[in-house]
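What follows is one structure encoded as structure tokens, with my remarks underneath.
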Amino acid sequence: MAFIEIDAVHKSYGNTPVLRGIDLEVEQHQVVTLIGASGSGKSTLLRCINALEDIDGGEIRVGGEVASGPGTDVDRLRRDVGMVFQHFNLFPHMTVLHNVALAPMRVAGTPRQEAEERARTLLERVGLGAKANSLPDRLSGGQQQRVAIVRALAGGPRALLLDEITSALDPELVAEVLAIVRELAEGGMTMLLATHEMGFAREVSSKVCFLHQGVLLEEGPPEQIFGEPREERTRAFLRRIVEAGRL
Ligand code: ADP
């Protein structure tokens, strides 16, 4: 059984279908990457998996439990599956340490001292131990995104969803964030990520999925998707990426 199972998921905003019958499986310890043009539905799919959006049809299961529709235990789901966003979404009025320790204290009832100790350990692991008492706006974008990753890890999730987490960063800050994702991948973290960093996708992914207008048009190992894509639309997308100098 795959850890994340997505069956025939449909989602519309008003009359606009955004996900049109997505089937996708993420096995434990896999890194699965969603690629596709802007607006193809990558972010919406990730948000549906974390119950930030309701789905209109189909089913999502996480760890064998139904994770969509009424009756979903959203707190438990978000403990099992952490999410990191393009725009960090850190609380600006809280120190870095507080940002990281908050959810374990609030959601899991971890005592403050334990939550803060764990937060410090995680911050040190990503080279940000010295920033624990700073407010987020004193950090660079790359540092803030590293904090956001640590925050997503603080509750001990079984998987991470990463939604274009380097897209808002200055180019020279992308590498420090990708290095952490690479380390997590090497450590066996199960991850589903949307990215425009094709070189990175090629390097870390167990499986790459190409979305086109809300349909998962093609999936396969990175060497196949990037080397010998079967679908003309995948080829056209990758041609545009190459022309833009991004692969
Ligand atoms: P991607 O992540 O691949 O760029 P998105 O999932 O963000 O794609 O968006 C898919 C489509 O859904 C786009 O056409 C977008 O405009 C639309 N969309 C996304 N969020 C909303 C929303 N909250 N309300 C209405 N339309 C939305």
Side-chain angles (χ1 to χ4, degrees), residues 4-26 31-60 62 67-69 72 74 77-78 81-89 141 145 148-149 152 159-169 171 174 177-178 181 191-202 204-205 207-220 222 225-226 229 231-247:
I4 299 174
E5 300 169 286
I6 298 168
D7 273 349
V9 163
H10 285 259
K11 165 82 185 166
S12 299
Y13 290 112
N15 291 326
T16 311
V18 172
L19 301 177
R20 299 188 292 153
I22 301 278
D23 295 309
L24 172 65
E25 295 195 338
V26 182
V31 178
V32 175
T33 302
L34 306 173
I35 63 170
S38 192
S40 57
K42 306 180 294 295
S43 179
T44 302
L45 180 59
L46 294 176
R47 295 171 62 83
C48 288
I49 297 168
N50 214 25
L52 291 168
E53 303 284 352
D54 291 329
I55 61 175
D56 301 325
E59 188 171 271
I60 298 173
V62 171
S68 56
T72 301
V74 173
L77 172 65
R78 294 194 189 142
V81 183
M83 185 152 178
V84 185
F85 303 89
Q86 184 175 347
H87 293 289
F88 329 141
N89 298 7
Q145 193 58 295
I149 294 171
L160 285 184
L161 308 174
L162 309 179
D163 189 4
E164 294 190 14
I165 63 168
T166 60
S167 296
L169 298 178
V174 169
V177 171
L178 292 184
V181 179
M191 289 188 278
L192 178 58
L193 55 117
T195 188
H196 291 296
E197 299 288 339
M198 296 299 153
F200 181 70
R202 190 172 195 154
V204 299
S205 306
K207 176 164 85 173
V208 177
C209 304
F210 174 65
L211 265 72
H212 177 74
Q213 296 177 356
V215 174
L216 204 168
L217 213 54
E218 180 165 7
E219 65 172 81
I225 298 294
F226 291 112
E231 297 288 334
E232 175 47 35
R233 300 222 190 248
T234 316
R235 285 197 288 270
F237 171 74
L238 291 172
R239 259 199 312 274
R240 286 199 302 277
I241 296 278
V242 170
E243 279 161 16
R246 301 187 71 159
L247 186 65

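Every number for a ligand or one of its atoms is a count from 1 in the order of the listing. Along the sequence shown, the residues carry numbers beginning at 1. Being a predicted model, the structure only gives us computed values, none of them experimental.
The contact set between ligand 1 and Ser38, taken as ligand atoms under 4.0 Å from a residue heavy atom, comprises 4 (O). Taking every non-hydrogen atom of Ser40 and a distance limit under 4.0 Å, the qualifying atoms of ligand 1 come out as 1 (P), 3 (O), 8 (O).
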For this session: Dump the intermediate steps for side chain to side chain donor-acceptor pair (under 3.5 Å) on Ser167 and Glu164, then the final yes or no.
Result: CA-CA 5 Å; Ser167 296; Glu164 294 190 14; 3.3 Å; yes
For this session: Carefully, step by step, assess Glu232 and Arg235 under the rule salt bridge (charged side-chain N to carboxylate O under 4.0 Å, His left out).
Result: CA-CA 5 Å; Glu232 175 47 35; Arg235 285 197 288 270; 3.2 Å; yes
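Note that the OG atom of Ser68 and the NZ atom of Lys11 stand 11.5 Å from one another [nearest 0.5 Å]. With rounding to the nearest 0.5 angstrom, the CD1 atom of Ile149 is 5.5 Å from the CD atom of Gln145.
Residues Leu193 and Leu161 form no side-chain contact, since every pair of their non-hydrogen atoms from C-beta on lies 4.5 Å or further apart. Annotation: side chain of His10 is not in contact with side chain of Leu19 (no heavy-atom distance under 4.5 Å).
Taking only nitrogen or oxygen atoms, main chain and side chain alike, Glu164 does not reach within less than 3.5 Å of ligand 1.
Counting only heavy atoms of the protein, atom 7 (O) of ligand 1 lies nearest to Ser43 CB, 3.6 Å. Among protein heavy atoms, the minimum distance from atom 8 (O) of ligand 1 is reached at Gly41 N, 3.2 Å. Looking only at protein heavy atoms, the nearest one to atom 23 (N) of ligand 1 is Tyr13 CE2, 3.7 Å. The single protein non-hydrogen atom nearest to atom 3 (O) of ligand 1 is Lys42 NZ, 2.8 Å, given as residue, atom name and distance. Looking only at protein heavy atoms, the nearest one to atom 14 (O) of ligand 1 is Gly39 O, 4.1 Å. Val18 CG2, 3.2 Å is the protein heavy atom nearest to atom 12 (O) of ligand 1. Considering only non-hydrogen protein atoms, atom 5 (P) of ligand 1 sits nearest to Thr44 OG1, 3.6 Å.
Assignment of Ala194 to the shell around ligand 1 is not supported, since no heavy atom sits closer than 4.0 Å. Within the structure, ligand 1 has Ala37 among the residues with a heavy atom less than 4.0 angstrom away.
The salt bridge (charged side-chain N to carboxylate O under 4.0 Å, His left out) test applied to Glu25 returns no partner, not counting sequence neighbours. By the salt bridge (charged side-chain N to carboxylate O under 4.0 Å, His left out) test, Asp56 is found to be paired with no residue, residues two or more places apart in sequence or in another chain being considered.
Atom 16 (O) of ligand 1 is not flagged as protein-proximal [any protein heavy atom, distance under 4.0 Å].
Proximity of a side-chain donor or acceptor of Arg233 to a complementary backbone N or O of His212 within less than 3.5 Å is not detected.
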